[in-house]
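Ligands are counted one by one from 1 in listed order, and the atoms in each one are counted from 1 as well. What you see is a predicted model, and the numbers here were worked out from it, not measured in a lab.
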Amino acid sequence: MIDITIDYKPYSVEEGTTVLEACKQAGIKIPTLCYLEKIQAIGACRVCLVEIEGVKDLVASCVMPVSDEMKIHTNNRRVREARKLVVELLLSEHEGDCQICDRNEDCELQSIARDLGIRELRYEGEKAPRCQDESTAGLVRDSAKCISCRRCVTVCTATQSVSALFPQSRGFKTTIGPAFGKGLDTVTCVQCGQCSAVCPVGAISERDQTAEVWAALDNPDLTVVVQTAPAIRAALGECFGMEPGTLVTGKMTTALRRMKFDAIFDTNFSADLTIMEEGTELLTRLKKALVDGEEVALPMFTSCSPGWIQFMEFYYPDMLANLSTCKSPQQMMGAMVKTYYAQKLGKKPEEMFMVSVMPCTAKKYEAARPEMNGSGAQDVDVVLTTRELGRMITEAGIDFVSLEDSEMDAPLGLGSGAADIFANSGGVMEAALRTAYELVTGRELPFENLHVTPVVGLEGIKEAAITIEGTVPAWSFLEGVTAKVAVAHSLANARALVEKIRAGEAEYHFIEVMTCPGGCIGGGGQPRITTDEVRKARIKAIYAEDEGKTLRKSHENEAVAKLYEDFLGAPLGHKSHELLHTKYFE
Ligand code: HC0
């Protein structure tokens, strides 16, 4: 242990601790802007300055390790004035349209300026040429608000291994973005929005589509249907000051009803439907490989996370056949609402308006893909992020925290616990295994023991091997087969896994990939900032939602069974093929 003093009080901390971490442990808050716990500590913004006795200049506490007998001062006049000056200089370059910025009251620069007591703007800085990038469906950038903290660069490069954003030029002329000031559509951006999730200001955000939804709700000729993704229920409350991981499924439903959506459906329903389709697809591929000796693409990868799909299209086009052909649950719901449900109402697809609430900015891009029109119209009209829905609820004057609970609508509002856990990394795999095990063996899994522990949690790549025993006659070719599965979350982990497979160093049958760290609970459209602590709280809540249900397996969802009986026929049948499956593009 290392003995130090902070503001004249003695402390003992572990060797290797930074001054910033030591201060945090001592309950002292040092302001930071470029720092991101466990992700980035580069001392670029200089907001976290402290004084260390015997060191001439003030130092950035996020990069300075403690040393024995170090005497640290965190709030003397010199430190306070230096931090203030640093922030004043940042403000001098920053486009300060705070009242109309979507980060108003949720902006780290604004909070720090307030906390440091900055009440006037003393300097006028030189401004880099403004670049407003609206080239993608999911994200918008405004360089005039960028403070060059490089958080977005680090997550894009290190977490996602995409490197669409990087710093260019120097000093006041520094800009962050694709090369030559071009749009995100000119690079391999997958629109995951992890950059927007860590941006401390309003320099990069989701494309705001709230006005389109208000317009649809005001249009008497449209039947406006909303679906909410599994991950929203564990995060939306944070927009209203509730603790991360507070489950708000019932309040969210009541809020949507008050906003006058005509029907409120659950993406969990179509997640259950996905398990039926994707499970059947996997078993069919295995049969072709093991019984018919056909060449089929294995391992099969999940296809529900649109950032991952675009990543494969950009980087591994020779492996597109390995992706499941299933559309994502979002898109399956859109197709079912505009056909099956529309028919029940006697409406045409174009009289229906489908809104999705997703934790993900790439879902905006997915909905806009030209092939996503199985119903004859665009299957999903608008995708809102969790943050946008939070803003709409506020705009509607709804006191979210005090809302009573209510239930989603029939028939597409019914979802299983297996569908809930789609939100967590490892959840799609567990949901698939719950169903596959029961269908292949004919035996029921014990209700109290449904979790597949090796694929639960935040480890980047997780694996499990399950030997299949006691199959029913239809699946006897699987008797004694050891099914090997893997789960990866965040694209850097996905890339590492794909490279291992390509190098022949690993073999699997089925792989789940989610684009964002932790899965959708850590999506780019979730309330900011998603730390590991926040991820863990949301993950716990999602498992609790599953454990609190009696319906916990996708194949037991009666509303899905009825959909097959009345409309689709069988999984992978002709109608399913037309409406629920898709193809990918090199
Ligand atoms: Fe997800 Fe999904 S689980 S991708 O993470 O499969 O965005 O929550 O809605 O579509 O269901 C996101 C979350 C979804 C889809 C589902 C899948």
- Going by atom types only, do E499 and Y316 share a side-chain donor-acceptor pair under 3.5 Å? yes
- Message: Under a 3.5 Å cutoff, is there a donor and acceptor pairing between the side chains of E277 and S576?
- Response: yes
- Message: Between E206 and K364, does any side-chain N to carboxylate O distance fall below 4.0 Å?
- Response: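 No, this pair does not count.
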- Item | Qualifying residues under side-chain hydrogen bond (donor to acceptor under 3.5 Å, both in side chains), relative to T249, sequence neighbours excluded | E545
- Measure up the F240 and F400 rings against each other and bin them: parallel (under 30°), tilted (30 to 60°), perpendicular (over 60°).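 Ring orientation, 0 to 90° scale: parallel.
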- Item | Distance below 2.8 Å from atom 1 (Fe) of ligand 1: protein N/O/S atoms |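 Protein N/O/S atoms under 2.8 Å of atom 1 (Fe) of ligand 1: C520 SG.
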- Message: Out of all atoms in ligand 1, which are within 4.0 Å of some heavy atom of A271? Include the element for each.
- Response: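 Counting from 1, the qualifying ligand atoms are 11 (O).
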- Query: CZ/R207 to CG/L384 distance, rounded to the nearest 0.5 angstrom?
  - Reply: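 The CZ atom of R207 sits 13.5 Å away from the CG atom of L384.
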